[in-house]
Structures are given as structure tokens and as C-alpha cells.
Amino acid sequence: RPEHRRETQRFWRENRVEAAERELCLVPAEEYERFSRALEQAVAAHRQREEERIGQVSAPRAAPGPAPGTASPPPSADRSPDPGRRAPAAGDGAGGAAGREPSWDAEQPGPSGMQAGPDLNWMEPGQALTFIGHQEAEGKGNVHTGAKPPWLTEEEAGSKQEIGPSYEEFLRQKEKQKLRKLPPERVGANFDHTSQTGESWLPSFGRVWNHGRRWQSR
Amino acid sequence: MSFLLPKLSSKREVDQAIKSVAEKVLVLRFGRDNDAVCLQLDDILAKTAHDLSKMAVIYLVDVDKVSVYTQYFDISYIPSTVFFFNGQHMKVDYGSPDHTKFVGSFKTKQDFIDLIEVIYRGAMRGKLIVRSPIDPNNIPKYDLLYQGI
């Protein structure tokens with residue numbers, strides 16, 4: 001406490017704080033005591049609420065948490081927060097954790113050997129996966145027995161239709177590729193070669209007869 | 001020699017040729033097959049047609065059969081050669097009064113080849129008029145007829 005006072009005074013001097021401002025910054029001792037008591041109460045109330053919430057979440061679970069051996073001590077006496085390990089009710093303590101452990105070990109090999117069904121809801125509480133029935137395929141075999149895949153068994157039926165573009169389309173595509181290499185500002189780049197023109201169509205003669213747009217005489 | 005080159009004998013065929021030739025110079029020779037100068041020109045055209053096949057397509061047009069285009073292009077002397085690229089008419093400055101067509105025959109095959117090459121390069125660059133590389137002495141002289149224009 002005296003060192004603190006010396007330090008505060010040094011701080012005032014070094015930063016040249018005025019007297020009025022110093023009063024504002026100082027917290028009187030009574031205020032500090034009041035604050036620390038209120039803080040303890042608030043922290044205790046918050047931890048109690050957290051424990052209740054976690055107890056509600058973990059109660060419907062069939063098996064206990066990931067690490068079986070840790071018995072979480074009752075949190076009422078200890079103020080420091082426990083690192084995540086919560087017993088469903090504070091009263092169970094060590095007895096409940098020890099009693100649950102052998103039953104969890106007995107269930108460990110269980111789920112993998114049972115059928116798919118309601119036992120899978122340990123991942124999603126309240127929602128089961130839809131069961132579509134056993135796949136019976138003794139005659140044809142399946143991927144586990146090493147049978148031929150369906151896309152390879154249809155060889156004689158699908159070979160008539162060719163996949164992909166025909167030969168003419170391929171040639172046309174090659175022509176289009178060559179067109180793309182030509183300079184884009186060449187004369188008549190946008191000329192539509194396939195347009196149907198009537199009997200009276202005449203090609204553009206570059207404004208020789210004073211007819212046509214002005215750019216045609218460039 | 002004119003039997004070596006394809007001929008167009010109606011307006012529809014000429015239209016078809018103009019519209020369908022793509023990315024190559026279209027050469028239309030307007031004249032008559034039995035005219036003396038036309039025969040000289042047709043000889044040069046036929047002999048160079050194969051070498052220029054990647055740059056140019058050559059057709060012969062009889063002026064008596066396609067009168068529409070004879071009037072449209074104002075063909076007064078034969079042979080007259082008109083050049084197109086992608087449906088657009090190409091003008092060439094030969095040093096003669098008329099830039100829209102080449103009147104007469106060429107002196108050598110090389111003159112014609114050079115001219116086609118210059119037209120092709122100009123068209124690729126987007127030019128509608130180019131300057132002829134032919135020596136002006138080799139260009140046939142003629143008088144342009146003005147009829148009340």
C-alpha cells in the first residue's frame with residue numbers, strides 16, 4: 001500500500017496531472033471493497049447458471065463424456081473455473097463417475113456390431129437417420145465382393161451412339177479456331193457470310209454512287 | 001485459258017460468290033472470253049490462281065450475262081477487275097483515274113501477285129483502300145468517260 005502511494009505520486013508528477021484530475025482518477029478504498037464483493041457474487045452466480053445449463057445438455061446422453069476417468073470435484077467450494085469437466089449434478093461426485101465407468105466400457109464395442117437404427121442418435125440428439133432397408137443383391141454381387149461395376153456391364157448396348165461431336169463439327173471447330181487467329185480489325189470481320197439476301201441486294205461499293213455510310217469510304 | 005477458271009453467269013451466282021468467300025480476296029474479272037486483252041488477263045489469272053489459292057479466289061464474269069453488275073460497277077472498258085474482301089469492296093490506287101477497279105491486263109504475273117498480296121495485307125489491317133505496288137508504266141492507260149455526272 002505505501003509503495004503504491006509513492007508510485008501514484010510519481011505518476012502524477014511525471015505526467016503533470018492537475019490536482020482536480022487526480023481526484024477523479026483516485027478510487028477510494030471503500031469503493032474498491034464494495035466492488036470486489038460485488039464481483040465475487042456475480043462470478044458465483046454466473047458459474048451456477050453455467051453448470052445448470054450444461055447439466056441439462058448432458059443429461060440425455062447415454063454414455064458419459066470423452067475422457068472416462070476424470071471425476072470432476074464438486075465445484076461449490078472451489079472458485080477457480082474447472083476446465084470443462086462438468087458432472088450432471090454436483091451431488092454425484094466421485095461415486096457417480098466410478099459407477100458409470102464400467103458400464104461405458106461394456107458399451108464401447110456395442111455400437112459397431114449392432115444394426116443401423118435408433119442407436120445412431122448419439123450424434124444428433126432427437127433425429128435418427130432414415131433407414132432404407134438392407135440391400136439384397138446375392139445374384140449380382142456388390143462392391144465388397146468385387147463384382148463388375150454397372151457402367152462396364154453394358155458394353156454391347158451403348159456402343160452404337162458416339163460420344164462427343166461428329167466429324168463435321170470437329171472440322172468446323174477447327175475452322176473457327178483459325179478464324180480467331182486472324183486480326184480482329186480486318187475488313188469485313190463482322191460480315192455475315194450466311195445471310196440470305198434478296199434479288200436486289202448489291203454489295204457495298206464504298207460510296208462510289210454517294211450511297212451508304214460515310215465510314216465505307218475510309 | 002478461261003476454261004481453267006470458274007465462271008459466274010447470273011446475279012445470284014455473283015451474290016453467292018461475294019457472300020461466301022471468307023477471309024480471302026475475291027477477284028472478279030468482268031469481260032468477254034474472246035476479247036484479246038481479256039485473253040491475256042485470263043492467262044495470267046489462270047497461271048497464278050494456284051499459287052494464290054490461300055489468299056485469293058478468282059472468278060470470271062461475262063459482262064453480257066450479268067448486266068446488273070456491269071452497270072453497278074460502271075464497267076466501261078473490258079477487262080475490268082474488281083476486288084472484294086469479306087463482302088466489302090476494296091479500292092486500289094494504281095495511279096489511274098479509277099480506283100474502284102483495275103482496267104486492262106497486267107504486264108507480268110508478278111505484278112498481279114504483288115497486287116493481290118498488298119490487297120490482302122491491307123484488308124487484314126482494316127484498310128479499304130491500298131496503294132498499288134505495280135510500276136505506273138505497266139498500268140494500262142485509258143480515258144475515263146464522264147457521262148453527265
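Below, chains carry the letters A, B, ... as their sequence lines are ordered, and counting in each starts from 1.
Within a 6.0 Å sphere centred on CD1 of A/Ile132, other residues, nucleotides and ligands contribute 12 heavy atoms or fewer. The neighbour count for B/Tyr142 OH, taken as heavy atoms of other residues, nucleotides or ligands under 6.0 Å away, is above 12. Atom CD of B/Gln110 has more than 12 neighbouring heavy atoms from other residues, nucleotides or ligands inside a 6.0 Å radius.
For a residue to count as touching a neighbouring chain, one of its non-hydrogen atoms must lie under 4.5 Å from one of that chain's; by this rule B/Val14 does not touch chain A. Only the side chain of A/Leu182 comes within less than 4.5 Å of a heavy atom in chain B; its backbone stays farther off.
With rounding to the nearest 0.5 Å, the separation of CG in B/Asp74 from CZ in A/Phe205 is 7.5 Å. Atom NZ of A/Lys181 sits about 14.0 Å away from atom CD of B/Glu23, to the nearest 0.5 Å.
Under a 3.5 Å cut-off, the side chain of B/Lys19 and the backbone N or O of A/Gln196 do not form any donor-acceptor pair.
Listed here is the closest heavy atom pair of B/Ile18 and A/Phe191: O-CE2, 4.1 Å.
Contact residues of residues 79-92 of chain B toward chain A are B/Phe84, B/Phe85, B/Asn86, B/Gly87, B/Gln88, B/His89, B/Met90, B/Lys91 (heavy-atom distance under 4.5 Å).
Of the listed residues (A/Pro203, A/Pro184, A/Ala189), the greatest number of heavy-atom pairs within a distance under 4.5 Å of chain B belongs to A/Pro203.
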